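Computed from a prediction, not measured in an experiment: that's the story for all the values here.
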Amino acid sequence: MSEISDFSVRGASGVGSMPGTDAREAVKTVTGTFEGAAAGQGLPYLPELPARGPGADMIGRTTGLLVELYARVEPSGWRIGDRPGRDTRRARSWLGEDLDALEEFTQGYEGPLKVQVVGPWTLAATLELRGGEVALSDPGACRDLAESLCEGLRAHLAEVRRRVPGAEVVLQLDEPSLTAVLRGQVKSASGYRRHGAVDRQIVEGTLRDVMGVQHRHGGQVVVHSCAPDVPFALLRRAGAAGVSFDAELLTERDDEVIGEAVEDGMKLFAGVVPGTDGPLSDPAGSVMGVRTLWRRLGLHPGLLEKSVVITPACGLAGASPHYARQALAHCVRAARSLADNPE
């Protein structure tokens with residue numbers, strides 16, 4: 001695999017999840033939409049299909065990657081266990097099916113290809129320890145979880161590169177709970193209290209370690225969060241080349257840090273297309289907010305095409321299959337509108 005010295009991805013992409021249970025159909029849709037875009041103007045990805053059940057959801061898929069840590073489904077959610085069980089086997093089996101489909105529909109493909117895993121802090125805020133409290137309650141458990149994730153990522157990324165040898169693999173870390181972790185907003189098992197905020201330097205250092213697994217292969221990392229107040233500056237310092245977010249949740253408070261991130265070379269994966277069924281505006285209307293942001297920041301219009309990738313606001317698991325196909329195609333058209341008329 002060739003090293004990526006510059007994050008040259010442009011155009012459009014998706015977040016990760018898709019509706020339905022048919023891996024081949026989902027991969028065919030995603031690769032067809034973005035490989036069919038203009039050369040260098042789309043980022044295909046390995047879709048997730050949570051409708052298949054526990055183990056196909058983003059937490060379950062990522063727990064299946066962990067090394068020497070296992071998880072099972074309890075009524076309260078995913079809980080770390082002593083040994084691999086049915087839920088671990090199912091997660092690994094479904095991921096294998098997804099990779100088979102990806103390999104089938106990317107024969108001869110050369111270019112960027114995105115894969116998604118849950119980041120260390122959302123895992124820590126979600127996975128329960130044996131006593132029922134989340135791993136975030138125990139700093140040692142957080143470290144063990146991050147180390148296990150690093151080991152699993154090494155094997156997973158190597159497998160993707162083996163199956164799609166022409167791919168420049170882009171890693172997306174899904175961190176929807178990151179802001180809550182930083183602000184001490186993650187609830188305890190009882191729901192009556194909240195876990196304390198984790199020191200920002202510890203959060204940043206852990207993210208840097210996990211991203212380092214990808215960086216050692218010359219690859220780039222995008223961090224996704226569809227929560228408000230995404231910590232752009234922290235993510236950039238940790239090594240993220242791009243941040244994926246719900247554009248509707250941005251406020252003018254974010255302007256300064258976003259402007260600095262763009263000037264520093266960070267890619268913005270702007271979620272501007274609704275993730276659930278509904279009417280779609282014309283492509284130019286979908287990116288009107290991005291143009292407005294650019295004018296407000298005083299950034300050169302010529303930077304738009306290089307700096308912004310258009311995506312749905314979040315995953316498409318809650319959409320109908322028909323709408324999901326429409327939404328991804330709409331992202332491609334909206335990105336083209338932005339490139340053709342940046343002002």
Side-chain heavy-atom pair [X], [Y] within 4.5 angstrom cut-off:
| X | Y | value |
| --- | --- | --- |
| Leu149 | Thr62 | yes |
| Leu127 | Val134 | no |
| Leu297 | Val262 | no |
| Val210 | Leu207 | no |
| Glu48 | Met18 | no |
| Val222 | Leu171 | no |
| Ser17 | Leu49 | no |
| Val243 | Met266 | yes |

Between [X] and [Y], is there a shared hydrophobic cluster once you connect ILVMFWY residues whose side-chain heavy atoms come closer than 4.5 Å?
| X | Y | answer |
| --- | --- | --- |
| Leu102 | Phe105 | yes |
| Val213 | Val160 | yes |
| Val223 | Ile202 | yes |
| Leu95 | Tyr70 | no |
| Val15 | Val272 | no |

For this session: Tell me, with the steps shown, if Thr126 and Val118 meet side chain to side chain contact (heavy atoms under 4.5 Å, CB included).
Result: CA-CA 10 Å; Thr126 306; Val118 176; over 6 Å; no

Exercise. Should we count CZ of Arg83 as having more than 12 external heavy atoms under 6.0 Å?
Worked result: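 Check fails, neighbour count at 12 or below.
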
For this session: Answer yes or no: are there more than 12 heavy-atom neighbours, outside Glu74 itself, under 6.0 Å from its atom CD?
Result: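 Atom CD in Glu74 is packed in, count exceeds 12.
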
Show me, pair by pair, the donor-acceptor contacts under 3.5 angstrom made by side chains of residues 304-321, not counting sequence neighbours?
from   : atom 1 : to     : atom 2 : distance (Å)
Ser307 : OG     : Leu303 : O      : 2.9
Ser320 : OG     : Asp277 : OD2    : 2.7
Ser320 : OG     : Tyr323 : N      : 3.1

Going by salt bridge (charged side-chain N to carboxylate O under 4.0 Å, His left out), name the residues that satisfy it together with [X], two or more places apart in sequence or in a different chain.
| X | value |
| --- | --- |
| Arg79 | Glu128 |
| Glu25 | none |
| Asp82 | Arg130 |

Would you check if the side chain of [X] reaches a backbone N or O of [Y] as a donor-acceptor pair within less than 3.5 Å?
| X | Y | answer |
| --- | --- | --- |
| Ser137 | Glu133 | no |
| His217 | Gly219 | no |
| Lys28 | Ala101 | no |
| Trp121 | Ser177 | no |
| Thr33 | Leu328 | no |
| Asp246 | Glu248 | yes |
| Arg92 | Gly55 | no |
| Ser13 | Leu43 | yes |
| Gln220 | Ala240 | no |
| Thr292 | Met288 | yes |

In Å and rounded to the nearest 0.5 Å, what is the [atom1] to [atom2] distance from [X] to [Y]?
| X | Y | atom1 | atom2 | value |
| --- | --- | --- | --- | --- |
| Ser225 | Leu173 | OG | CG | 12.0 Å |
| Asp138 | Asp144 | CG | CG | 8.0 Å |
| Leu136 | Lys187 | CG | NZ | 15.0 Å |
| Glu168 | Arg161 | CD | CZ | 11.0 Å |
| Lys114 | Gln172 | NZ | CD | 3.5 Å |
| Leu293 | Glu252 | CG | CD | 9.5 Å |

Problem set entry | Intermediate values then yes/no, side chain to side chain contact (heavy atoms under 4.5 Å, CB included), Leu299 and Glu263 | CA-CA 9 Å; Leu299 294 171; Glu263 289 177 343; 3.8 Å; yes

Residues that [X] engages under side-chain hydrogen bond (donor to acceptor under 3.5 Å, both in side chains), provided they are two or more places apart:
| X | value |
| --- | --- |
| Glu104 | Arg24 |
| Gln185 | none |
| Arg193 | none |
| Glu159 | Arg162, Arg163 |

Once side chain to side chain contact (heavy atoms under 4.5 Å, CB included) is applied, do any residues pair with [X], and if so which ones, sequence neighbours excluded?
| X | answer |
| --- | --- |
| Val73 | Pro54, Trp78, Asp87 |
| Glu256 | Glu260 |
| Leu182 | Leu178, Arg200, Val203, Pro231, Leu234 |
| Ala51 | Thr21 |

Exercise. Between Tyr45 and Phe34, how do the two ring planes meet: parallel, tilted or perpendicular, split at 30° and 60°?
Worked result: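 Aromatic pair Tyr45/Phe34 classed tilted.
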
Problem set entry | Lys/Arg-Asp/Glu bridge criterion (N-O < 4.0 Å) met for Glu147, Arg143 |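 Looking at Glu147 and Arg143, the cut-off is not met.
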
Exercise. Thinking salt bridges, do Arg52 and Asp98 make one under a 4.0 Å N-O criterion?
Worked result: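 A salt bridge links Arg52 with Asp98.
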
Exercise. Is there a donor in the side chain of Glu175 and an acceptor in the side chain of Thr122, or the other way round, less than 3.5 Å apart?
Worked result: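 Yes.
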
Exercise. Would Ser286 and His330 count as having a side-chain donor-acceptor pair, cut-off 3.5 Å?
Worked result: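 There is such a pair between these side chains.
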
For this session: Give the C-alpha distance, both sets of side-chain angles, the deciding distance and a yes or no for side chain to side chain contact (heavy atoms under 4.5 Å, CB included) between Leu280 and Gln326.
Result: CA-CA 9 Å; Leu280 292 169; Gln326 280 190 320; 4.2 Å; yes

For this session: Take Ser188 and His195, measure what side chain to side chain contact (heavy atoms under 4.5 Å, CB included) needs, and give me the verdict at the end.
Result: CA-CA 6 Å; Ser188 66; His195 296 289; 4.1 Å; yes

